[in-house]
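Structure, as C-alpha cells:
All chains are named by letter (A, B, ...) in the order of the sequence lines, taking the proteins before the strands, and each is independently numbered beginning at 1. Only a predicted model underlies this, so the values are computations on that prediction, with no experimental measurement involved.
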There are 2 protein chains.
Amino acid sequence: MDQRIVALLTADARSSYAEIGAKVSLSAPAVKRRVDRLRSSGVIKGFTTVVDPAAVGWTTEAFVELFCTGRTTPAQITVATRRHPEVVGAYTVSGEADALVHLRAADIGHLEQALERLRAEPFVTSTRSMIVLSRLVETPTPVPAPE
Amino acid sequence: MDQRIVALLTADARSSYAEIGAKVSLSAPAVKRRVDRLRSSGVIKGFTTVVDPAAVGWTTEAFVELFCTGRTTPAQITVATRRHPEVVGAYTVSGEADALVHLRAADIGHLEQALERLRAEPFVTSTRSMIVLSRLVETPTPVPAPE
DNA sequence: AATGAAAGTCATGTTTT
DNA sequence: AAAACATGACTTTCATT
C-alpha cells in the first residue's frame, strides 16, 4: 500500500491526498497519515521538481572517472566535489577509477573549465571523461518492487 | 524571478504558492501563473518524490560502460535498456565506451542478474562495470544560474 | 475483554483556481 | 470569490493479546 502511494507521488509529487486516495481506495486523511509516516521514517526524503536542464541553459553533460592518490578518503572527495556547482553526482566506485563524477555545464567551454578546476584538486592524479552525447533514459526515482 | 521560483520548488515541490510567494514577494496567484507557464513551456517537466532506495530495499548500484557493435543506434540502446527495470539512467557517450548505463538493484546477486541480462542484448560486445561503493553527492535537479 | 494500530468522518482554516 | 484541499479532533473497526 505504501509502495503504491510512493509510486503515485513519484509520478506527480503535487497530486492531492484525495486524488491518491481515490486510486488506492483510501480516504485522504489516511493517505496523509501514511505519507507523514513515510517522510519521518526516511523512506520519502523530499519532493522535488524535474527541470529540463537545456531549458535553463545547461546543455552539456559528462561523466568523469577520477583517479586519486593512495590516501584519498571518500570524505575528501565529497568535500571537494561539492565545491563545484557543476557536480550533480559523485560516487566512489570499484574498478580502475576511484570515483565517478557526474557534471552538468552550460556548454563545452564551461565543461572544460569545470573539468580543469576538478583536475586541479590536489588528490586527483588523472581523469578520464565521457561526454554525454544523448540522454536515453533517466528515471527520477523509480520504486520497482524489490524482489 | 522564475529562477528563484524554480529553485524553491526544487527544494520542496509540495510547498504552497502562498509560501513561495512570501519568499519572492509575489501573490499566490502570480506565482501560480508563473509555474503554469514554466510547466507548459517545458522548463518544469514535473514534480517527483525523492525516495531513499535503501529504505525500499535497493542497496546496490553500478555504472556500466557498454561497448556495442558498429551499427548500433541510440534508439536500439534506448529500447533495450528500458526493458530492464534496473536501469535508472542511460546515455550515449564519447570516449572508449559507446554508452553508460546506471543500474540500481536490490543486492549484488540481483545486480549480477541484471548485468547478465544486459550483456545478453545482441548489440553488446562487452561491458565494464563500476560498482558504486558510496554515493557522495546526488543533487536532484540543481538550477544554478547559467553564466 | 482490553489494547493499539489504522481507517473513516466531520469541521475548520488554507490553498487553489 | 467559489471550490477543492489539508489537517486536526474524534469515532469506529479490527486484529492481537
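Glu121(B) places no side-chain N or O within donor-acceptor distance of the main-chain N or O of Leu118(B), the cut-off being under 3.5 Å. No donor-acceptor distance shorter than 3.5 angstrom exists from the side chain of Thr72(A) to the backbone of Cys68(A), with no hydrogens or angles considered.
Between Glu61(B) and Arg104(B), at least one side-chain nitrogen of the basic residue sits less than 4.0 Å from a carboxylate oxygen of the acidic one, meeting the salt-bridge criterion. A salt bridge links Arg135(A) to Glu138(A): one of the charged nitrogens lies within less than 4.0 Å of a carboxylate oxygen.
If you measure from atom CD1 of Ile20(A) to atom C1' of dA7(C), you get 17 Å, rounded to the nearest angstrom. Summarising the geometry, the separation between CZ on Arg39(B) and P on dT16(C) is reported as 13 Å, rounded to the nearest angstrom. Atoms CZ (Arg37(A)) and C1' (dA6(C)) sit 9 Å apart, rounded to a whole Å. When rounded to the nearest whole Å, the span between CG of Leu38(A) and P of dA6(C) equals 11 Å.
In this structure, OH on Tyr91(B) lies 15.0 Å from CD1 on Ile131(A), to the nearest 0.5 angstrom.
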Tabulated below should be each protein N or O lying under 3.5 Å from an N or O of nucleotides 5-10 of chain D; please produce it.
| unit_1 | atom_1 | unit_2 | atom_2 | d |
| --- | --- | --- | --- | --- |
| dA6(D) | OP2 | Tyr17(A) | N | 3.1 |

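The list of salt bridge (Lys or Arg N to Asp or Glu O under 4.0 Å) pairs with a residue in residues 37-49 of chain B, not counting sequence neighbours, reads Asp2(B)-Arg37(B).
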